[in-house]
Engineer: 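The structure's right below; bear with me while I get my questions together.
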Amino acid sequence: MPRRRHRAKPKPSDAPRLPAKARPRTTPGSKRKAVGSAPAGRSGKAARARRTTAKPGAPAKTADRGGAHARRPAASTRKLPSASRKGAARKPRGRFTPPDPVRVAAILETLERSYPEAVTALDFESPLQLLIATILSAQCTDARVNMVTPGLFRRYPDATALAAAVPAELEEVIRSTGFYRNKARAIRECSADIVSRYGGEVPRTLDDLTTLRGVGRKTANVVLGNAFGIPGLVVDTHVARVSHRLGLQNEGDAVKIEFALMPLIPEAQWSIFSHWLILHGRRVCIARKPKCSICPLEALCPRIGVTASA
């Protein structure tokens with residue numbers, strides 16, 4: 001490839017440089033010269049006379065030869081096309097306001113009447129089985145967990161057996177629940193803590209349960225409310241979504257949602273309230289397009305954040 005030559009630098013000149021002659025500006029979008037500039041060979045007075053003089057019987061011409069640009073309205077007065085109804089974003093209905101105690105009581109009464117059979121969907125026979133099943137239910141359906149736990153507990157009947165389980169064998173048993181490596185590790189370490197610190201029995205307090213591997217406030221409240229009968233407010237995706245649409249809370253974090261709902265719901269109903277919202281979220285108030293037309297809470301719901309419904 002031939003080598004490019006550097007551009008030669010201009011040689012300095014002793015003669016002083018004169019300023020360049022200013023060129024007349026033109027209107028954007030038009031080739032017409034600015035008013036006041038005459039064509040070459042004509043004086044300014046002659047050019048103006050030529051533009052303003054019309055022949056007899058001919059329509060008068062104006063000095064502006066911009067064509068269509070001259071008749072176009074100014075940008076400030078031009079009417080913009082309206083957005084199409086299909087592409088325009090719809091505003092969510094409702095705005096969050098502090099919940100009214102009378103409305104909250106009516107919501108609880110309606111939920112109790114609509115879902116009298118509300119219980120946890122996980123099958124268990126002991127607090128330990130419920131604890132392990134809840135760990136397995138993360139990012140997995142309750143139906144799938146119920147298919148896995150019978151064989152799991154036949155092979156590992158107590159916390160001691162689970163703590164001593166071979167990792168590869170335990171992973172193979174729970175593989176279908178997803179994230180099986182992390183879940184197997186959490187089950188083994190959680191069971192080892194139960195054996196070493198609590199004599200093989202699942203603790204009965206929220207503070208003790210949350211110190212176990214893989215156990216957060218949600219899992220702890222599930223065990224307390226369903227295995228020990230101690231009220232616990234479980235916040236999962238359904239509870240967070242439905243309670244926000246109902247205007248009961250306006251938080252984004254699960255722990256903040258839990259503390260926002262606690263003063264609204266009687267403590268004796270904390271556990272059952274979570275089951276009500278979980279069933280309602282699965283059957284009616286689904287995530288993408290809630291079935292508002294058949295919802296028993298339609299008259300009590302402000303539909304916060306709902307943009308489309310069935």
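Please read all numbers here as calculations on a predicted model, not as lab measurements.
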Engineer: Would a 4.5 Å heavy-atom cut-off, applied to side chains only, mark Glu169 and Tyr156 as touching?
Structural biologist: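 Glu169 reaches Tyr156 side chain to side chain.
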Engineer: Hydrophobic cluster membership, with links at side-chain heavy-atom distances under 4.5 Å among I/L/V/M/F/W/Y: are Val235 and Leu122 in one?
Structural biologist: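 In one cluster: no.
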Engineer: Quick check: are there more than 12 heavy atoms from other residues, nucleotides or ligands sitting under 6.0 Å from CZ of Arg154?
Structural biologist: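 Atom CZ in Arg154 is not crowded, with 12 or fewer foreign heavy atoms closer than 6.0 Å.
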Engineer: Is there side-chain contact between Leu170 and Leu152, with heavy atoms separated by less than 4.5 Å?
Structural biologist: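 SC-SC contact between Leu170 and Leu152 confirmed.
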Engineer: Which residue pairs pass the salt bridge (Lys or Arg N to Asp or Glu O under 4.0 Å) test when at least one of the two sits in residues 237-266, sequence neighbours left out?
Structural biologist: Arg217-Glu258
Engineer: Under a 4.5 Å cut-off applied to non-hydrogen side-chain atoms, are Glu171 and Arg175 in contact?
Structural biologist: no
Engineer: Using the ring centroid of each side chain, check whether His280 and Tyr115 are separated by less than 6.0 Å.
Structural biologist: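 So the answer is yes for these two rings.
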Engineer: Is the number of heavy atoms from other residues, nucleotides or ligands under 6.0 Å of Arg282 CZ greater than 12?
Structural biologist: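 Count over threshold, so yes.
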Engineer: Check residues 126-140 and write down every donor-acceptor pair under 3.5 Å in which the side-chain atom is one partner and the other belongs to a residue at least two apart or another chain.
Structural biologist:
unit_1	atom_1	unit_2	atom_2	d
Ser126	OG	Gln129	N	3.3
Gln129	OE1	Glu125	N	2.9
Thr134	OG1	Leu130	O	2.7
Ser137	OG	Thr134	O	2.6

Engineer: Look at the side-chain heavy atoms of Ile, Leu, Val, Met, Phe, Trp and Tyr, link any pair under 4.5 Å apart, and say whether Val145 and Val215 land in one connected group.
Structural biologist: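 Yes, it is one cluster - the side chains of Val145 and Val215 are joined through contacts under 4.5 Å.
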Engineer: Give a yes or no on whether the backbone of Ala121 and the side-chain of Asn146 come within a donor-acceptor separation of less than 3.5 Å.
Structural biologist: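 It does hold such a pair.
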Engineer: Going by an N to O cut-off under 4.0 Å, is there a salt bridge joining Arg283 and Glu117?
Structural biologist: yes
Engineer: So with a 6.0 Å cut-off around CD of Glu298, is the heavy-atom count from everything else above 12?
Structural biologist: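 Count over threshold, so yes.
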Engineer: Check whether more than 12 heavy atoms from other residues, nucleotides or ligands sit under 6.0 Å from atom CE of Met262, and answer yes or no.
Structural biologist: yes
Engineer: Quick check: closest heavy atoms across Pro290 and Cys285, and the distance to 0.1 Å?
Structural biologist: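 Of all heavy-atom pairs spanning Pro290 and Cys285, the closest is CB-CA, 4.0 Å.
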Engineer: For His244 and Gln249, indicate whether the former's side chain and the latter's backbone hold a donor-acceptor pair under 3.5 Å.
Structural biologist: yes
Engineer: For residues Pro266 and Leu108, determine if any side-chain heavy atom of one lies less than 4.5 Å from a side-chain heavy atom of the other.
Structural biologist: yes
Engineer: With rounding to the nearest 0.5 angstrom, report the OG to CD1 distance, Ser243 to Ile257.
Structural biologist: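 It comes to 5.5 Å.
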Engineer: If you group Ile, Leu, Val, Met, Phe, Trp and Tyr by side-chain heavy-atom gaps below 4.5 Å, do Phe273 and Val255 land in one group?
Structural biologist: yes
Engineer: After noting the C-alpha distance and the side-chain angles of Ile272 and Glu112, does the key distance pass the side chain to side chain contact (heavy atoms under 4.5 Å, CB included) rule?
Structural biologist: CA-CA 9 Å; Ile272 193 65; Glu112 184 178 11; over 6 Å; no
Engineer: Atom CG in Asp236, atom OG in Ser274: separation rounded to 0.5 Å?
Structural biologist: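 Separation between the atoms: 7.5 Å.
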Engineer: Are Ile265 and Val119 joined in one hydrophobic group, where the rule is that I, L, V, M, F, W and Y side chains link up if heavy atoms are under 4.5 Å apart?
Structural biologist: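 As far as the 4.5 Å side-chain criterion goes, Val119 and Ile265 are not connected within one cluster.
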Engineer: Applying a strict under-4.5 Å side-chain criterion to I, L, V, M, F, W and Y, I'd like to know whether Val234 and Trp270 cluster together.
Structural biologist: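 They do not share one cluster, since no chain of ILVMFWY contacts under 4.5 Å joins Val234 to Trp270.
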Engineer: For side chain to side chain contact (heavy atoms under 4.5 Å, CB included), just list the numbers for Leu209 and Val202, CA-CA rounded to whole Å, side-chain angles, deciding distance to a tenth of an Å, and then say yes or no.
Structural biologist: CA-CA 8 Å; Leu209 282 168; Val202 177; 3.7 Å; yes
Engineer: Can a donor-acceptor pair be found, under 3.5 Å and without considering hydrogens, that links the side chain of Lys183 to the backbone of Thr177?
Structural biologist: yes
Engineer: What heavy-atom pair brings Ser176 and Arg144 nearest, and what distance separates the two atoms?
Structural biologist: OG-CD, 3.6 Å
Engineer: Any sub-3.5 Å donor-acceptor pair from Thr210's side-chain atoms to Asp207's backbone N or O?
Structural biologist: yes
Engineer: As an exercise, state the distance from OG of Ser309 to NZ of Lys289, rounded to the nearest 0.5 Å.
Structural biologist: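 If I round to the nearest 0.5 Å, the distance is 7.5 Å.
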Engineer: Which heavy-atom pair separates Leu224 from Thr205 by the least distance, and what is that distance?
Structural biologist: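 It is CD2-N, 4.2 Å.
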Engineer: Is there side-chain contact between Leu279 and Leu111, with at least one heavy-atom pair below 4.5 Å?
Structural biologist: no
Engineer: Side chains of Leu162 and Ile194: does their closest heavy-atom pair fall under 4.5 Å?
Structural biologist: no
Engineer: Nearest 0.5 angstrom please: Cys190 SG to Arg185 CZ, how far?
Structural biologist: 13.5 Å
Engineer: Side-chain contact test, heavy atoms from C-beta onward, threshold under 4.5 Å: evaluate it for Arg197 versus Asp208 and give yes or no.
Structural biologist: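 The answer is no, as the side chains (C-beta and beyond) never meet within the 4.5 Å cut-off.
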Engineer: Can you measure from CG (Leu246) to CZ (Arg103) and round to the nearest 0.5 angstrom?
Structural biologist: 7.0 Å
Engineer: Mind checking the OG-CG spacing from Ser271 to Asn221? Nearest 0.5 Å is all I need.
Structural biologist: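 One finds 7.5 Å between OG of Ser271 and CG of Asn221.
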